[in-house]
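In what follows, chains are A, B, ... by sequence order, proteins preceding strands, each numbered from 1.
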Amino acid sequence: MTSTPISDAHGSGSASTPVIVDWPTATIPGGENAASDHLLDGLNPQQAEAVEYRGQALLIVAGAGSGKTRVLTHRIARLIENREAWPSQILAITFTNKAAAEMRERVEGLLGGRAEGMWISTFHSACVRILRREADNFGFSKNFTIYDSSDSRVLLKRIIKQHDADVLGFTPANASAKISKLKNELADAESYARNANMSDPNEVAFIEIFRDYERALRSANAFDFDDLIAQTVYLFRAFPQVAALYQNKFRHVLVDEYQDTNHAQYSLIRELTREPEGAGYLPGTNPGAALTVVGDSDQSIYAFRGADIRNIVEFERDFPGAKVILLEQNYRSTQNILSAANAVIANNFDRKDKKLWTDVGDGEKIIGYTGYSGHDEAQFVADEIEKLHSAGLAYNEIAVFYRTNAQTRALEEIFVRSALPYKIMGGTKFYERAEIKDAFAYLTAVVNPADELAVRRIINTPKRGIGPATVTQLASFAENAETTLRDALREASTLGFGPKMTRAISDLSAVLDEAAALAEKGKVSEVLTTLITKSGLIDALRLSRDPQDEARAENLDELVAVTKEYERNNPDGTLIDFLTEVALVAAADDIDDASGTVSLMTLHTAKGLEFNTVFLTGIEEDLLPHRMSANEPGGPAEERRLFYVGITRARKRLYLSLAMTRAQYGETAVAMPSRYLQEIPAELIEWKQSPGSANSRGGTQPRALNARRWQSNRGADAAALPPAEKKQWPNRVTGTVRDNGDLELAPGDRIRHTDFGEGRVNNVTGEGSKRVAHVQFETAGAKKLLIKIAPIEKI
DNA sequence: TAAGTACTGGTTTTT
DNA sequence: CCAGTACTTA
């Protein structure tokens, strides 16, 4: 280590030059103290090396469950403990905010809390932090808005309409996807136009749309998700002295899930770890921050978002002299689960061979089940979970994964009926509800008056008689006067509107002004409460006769509660901070480990998590691989990796399930077993009901074409198959939901269930609408049913 | 301008 | 099956 002058322009309290103590030999693995070294105890040799290696570039190839988080946290702790770096000189990038929080906690645990000032966050959060600080340098102001994908689409919709580009086949969705792709490659409208074929009217129209979109974002003082990264790179490249601030601040940059970085993120990393240049820098004094990346190309599942697997595959070429360490020992799963995972992923041809292994033994067999329908499959999952739970397994140790969010419907329906506590991670989130977005648009309009999109959203919400015609007049006034739409509202009285209209506009403007004054002195919840009451938003919902509006008003109350909670956790948090946090929360971020619920999530959301027991559902063609990706180059391979990620989340027990028919858009279609299922050696799976032996209702469906592939399984199935009465499909479940009102049941009563037949009530638990009947059915076994909605009658 | 009705079409994964 | 949209009517 040289005594590099290290400036920490932004650091809090660590601006002085750190004391860099040469203190290495005592803690090197194999040294005298190794046996009692708390940062190396229990690590295998490769893990220990990954903690101790020092050099400019280190790639840790970490197979699933190989303890990479442990390695990363211990490495950071060691850097700080050794005084090789101050906490403020460390930048660690994770994939989700949840992973960031967990990493911070673990590092603090290892260091006894001396971790203040570390930057541990997602790419997006880190970039927002940089951009807010430096916004004044390049034409934005620090109160900028972050547009999520639906905001982008609303904006694009207007732009496409203005250009009459819808007739050319442009939709907000496809234009947004194309722009996003380009931004991830660091292209902008200008650079794209240079290489475009201008004789193609489609191309010309797209460039117009792209340009207008960029212009609109800039004038709204807003960034979309992709901008957060791309604009930070642009900032660093355009202003080397700004880049140098961060190049000098961070001495160690660590990136998790490196296989899922895209080109823009890669470029950002390159900029951050580069040797500074420009005035004031003494050449040769800072070789650039040391870079540590951790990843596994077998878990690359975000190509659709621009992730470029080459970033990790070509790491050694990118960073000459880079050290590579392989972690293959798995500490999570049983050998049966790993063997299945290894067998599946081995079918991806262009990969470096890598085999996970464990010394914990084979464990239980994987359990397979083929349902007659998605509902039947869901019923199986619910029944198994109930069995596991009564055998002592906590609900929060169990997870159910699926490929598409649409699959939650069947699962949810059955889970509600079976009174299973569950939580859907991601999916239609609270923050995506219209009334919540309305409230956020009010907050945004207060924080960032330049944001026209937000002002347009609230201008007639709730209804105050300001229609499209009036909005257009206001907007064109703003344009002519070279001011914002927000300021146009203030001038309403001079614009010649009728008295009613003028009044409505001025009242809104006054509410926004009042809230802005309030925002100066803090309290997010007070600003929000002022806005939603004085704008009439919440009263409009409360007084509405649409029964759903009552729930919407409650959601707004819930949002106020969220802001109060935020204030408790962040006493210094401003309104801007609150909006930023909400804009960047991911689906996986609100998993609550302590709660006693089963977790339901997509395979993508599952990445990085682990559970004792995992159910992988819908393992069918057209779902996994998904229809949309089956024909794309690289599609089936990426879908296989998704399957691999799902399998490797399980510690002890893995279930694979599928259905023979699946409902989509109200119609039911025949489903075929996924091609990936055959890639798992037959002896690893015990089929409760195999795809080969189960026939769809007629028995001679197109599935017969497929049957050959399953013949090898037949012998085993015959033995495992239950006797003949099972043919009556006692698990078949109808999709109708009913309401039994106040049906009274008591132990000893006999009931008839439309699917399960007759049974006897053993017990009734719970209160009111949550009363649950514990029933012993004659053919279908023991079930728990939510009395209010189960398709049952007393007999 | 707002509310109500009839109709279309789209369907993956997410920071 | 749903949400979003175009069209009608008061």
Which protein N or O atoms sit under 3.5 Å from an N or O of nucleotides 2-5 of chain B?
residue	atom	partner	partner atom	Å
B:dA2	OP1	A:Gly465	N	3.1
B:dA2	OP2	A:Asn460	ND2	3.3
B:dG4	OP1	A:Arg545	NH2	3.3

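The stacking criteria are not both satisfied for A:Phe304 over the base of B:dT12, which would need a centre-to-centre distance under 5.5 angstrom and an angle between ring planes under 30 degrees.
The distance from atom NE2 of A:His124 to atom C1' of B:dT15 is 4 Å, rounded to the nearest whole Å. If you take CD of A:Gln259 and C1' of B:dT13, they are 15 Å apart, rounded to a whole angstrom. In this structure, NZ of A:Lys183 is placed 16 Å from C1' of B:dT14, rounded to the nearest angstrom. For the pair A:Ile424 CD1 and B:dT14 P, the interatomic distance rounds to 13 Å; values are reported in whole Å. Between the C1' atom of B:dT14 and the CG atom of A:Leu642 lies a distance of 12 Å, rounded to the nearest Å. Going from atom CD of A:Glu620 over to atom P of B:dT12 covers 16 Å, rounded to whole Å. Atom CG in A:Leu131 sits roughly 19 Å away from atom P in B:dT15 (whole-Å rounding). Nucleotide B:dT14 holds its C1' atom 11 Å from the CG atom of A:Asn184, rounded to whole Å.
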All N/O donor-acceptor pairs, side-chain side in residues 169-178 of chain A, below 3.5 Å, sequence neighbours left out:
residue	atom	partner	partner atom	Å
A:Thr171	OG1	A:Asn174	N	3.0
A:Thr171	OG1	A:Asn174	OD1	3.4
A:Thr171	OG1	A:Asn174	ND2	3.2
A:Asn174	OD1	A:Thr171	N	3.0
A:Asn174	ND2	A:Gly169	O	3.0

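Residue A:Arg403 has its side chain nearest to B:dT13 when only B:dT13, B:dT15, B:dT1 are considered. Distances were taken from every side-chain heavy atom of A:Thr605 (C-beta onward) to each of B:dT14, B:dT15, B:dT12; the shortest belongs to B:dT14. The nucleotide whose nearest atom lies closest to any side-chain atom of A:His626 is, among B:dT1, B:dT14, B:dT12, B:dT12. Side chain of A:Thr122, nearest nucleotide from B:dT15, B:dT13, B:dT1: B:dT15.
Using atom P as the reference point in both C:dG4 and B:dT13, the two lie 15 Å apart (nearest Å).
Contacts of A:Tyr302 with the nucleic acid, taken as non-hydrogen atoms under 4.0 Å apart, involve only primed sugar atoms and P, OP1 or OP2. A:Lys500 comes within 4.0 angstrom of nothing in the nucleic acid, heavy atoms only. Note on A:Thr470: only backbone sugar-phosphate atoms sit closer than 4.0 angstrom, heavy atoms only; bases stay farther off.
Between B:dT13 and A:Ser629, no contact under 4.0 Å exists linking OP1 or OP2 to a side-chain N or O. Phosphate proximity of B:dT15 to A:Ser149: absent, as no side-chain N or O sits under 4.0 Å from OP1 or OP2. When the side-chain nitrogen and oxygen atoms of A:Asn405 are compared with OP1 and OP2 of B:dT13, one or more of them lie within a distance under 4.0 Å.
Between A:Glu639 and A:Gln265, the residue anchored nearer the 5' end of DNA chain B, judged by the nucleotide with its closest heavy atom, is A:Glu639. Toward the 5' end of DNA chain B, the nearer of the two residues A:Met501 and A:His604, judged by each one's closest nucleotide, is A:Met501.
A:Tyr213 pairs by the side chain to side chain donor-acceptor pair (under 3.5 Å) definition with A:Ser152, A:Asp224, not counting sequence neighbours. Qualifying side chain to side chain donor-acceptor pair (under 3.5 Å) partners for A:Arg132, counting only residues two or more places apart in sequence or in other chains: A:Thr580. Legend: residues meeting side chain to side chain donor-acceptor pair (under 3.5 Å) with A:Arg409, ordered by chain and number and at least two apart, are absent. Every residue two or more places apart in sequence or in another chain was checked for a side chain to side chain donor-acceptor pair (under 3.5 Å) with A:Gln473, and none qualifies.
Taking every nucleotide of DNA chain C with any atom under 4.0 Å from a non-hydrogen atom of chain A, the first and last of them, 5' to 3', are C:dC1 to C:dT5.
The distance between the ring centers of A:Phe304 and A:His604 falls below 6.0 angstrom. Aromatic ring centres of A:Phe140 and A:Phe223: separated by under 6.0 Å.
Residue-environment remark: CZ (A:Arg351) exceeds the threshold of 12 foreign heavy atoms within 6.0 Å.
Sequence neighbours left out, the pairs with a member in residues 457-472 of chain A that pass salt bridge (Lys or Arg N to Asp or Glu O under 4.0 Å) are A:Asp438-A:Arg457. Every pair passing salt bridge (Lys or Arg N to Asp or Glu O under 4.0 Å) that includes a residue from residues 253-269 of chain A is listed here, sequence neighbours excluded: A:Lys68-A:Asp256, A:Lys68-A:Glu257, A:Glu257-A:Lys607, A:Asp260-A:Lys607.
In summary, of the residues considered (A:Glu638, A:Glu639, A:Glu621), a side-chain contact (heavy atoms from CB on, under 4.5 Å) with A:His626 occurs for A:Glu639 alone.
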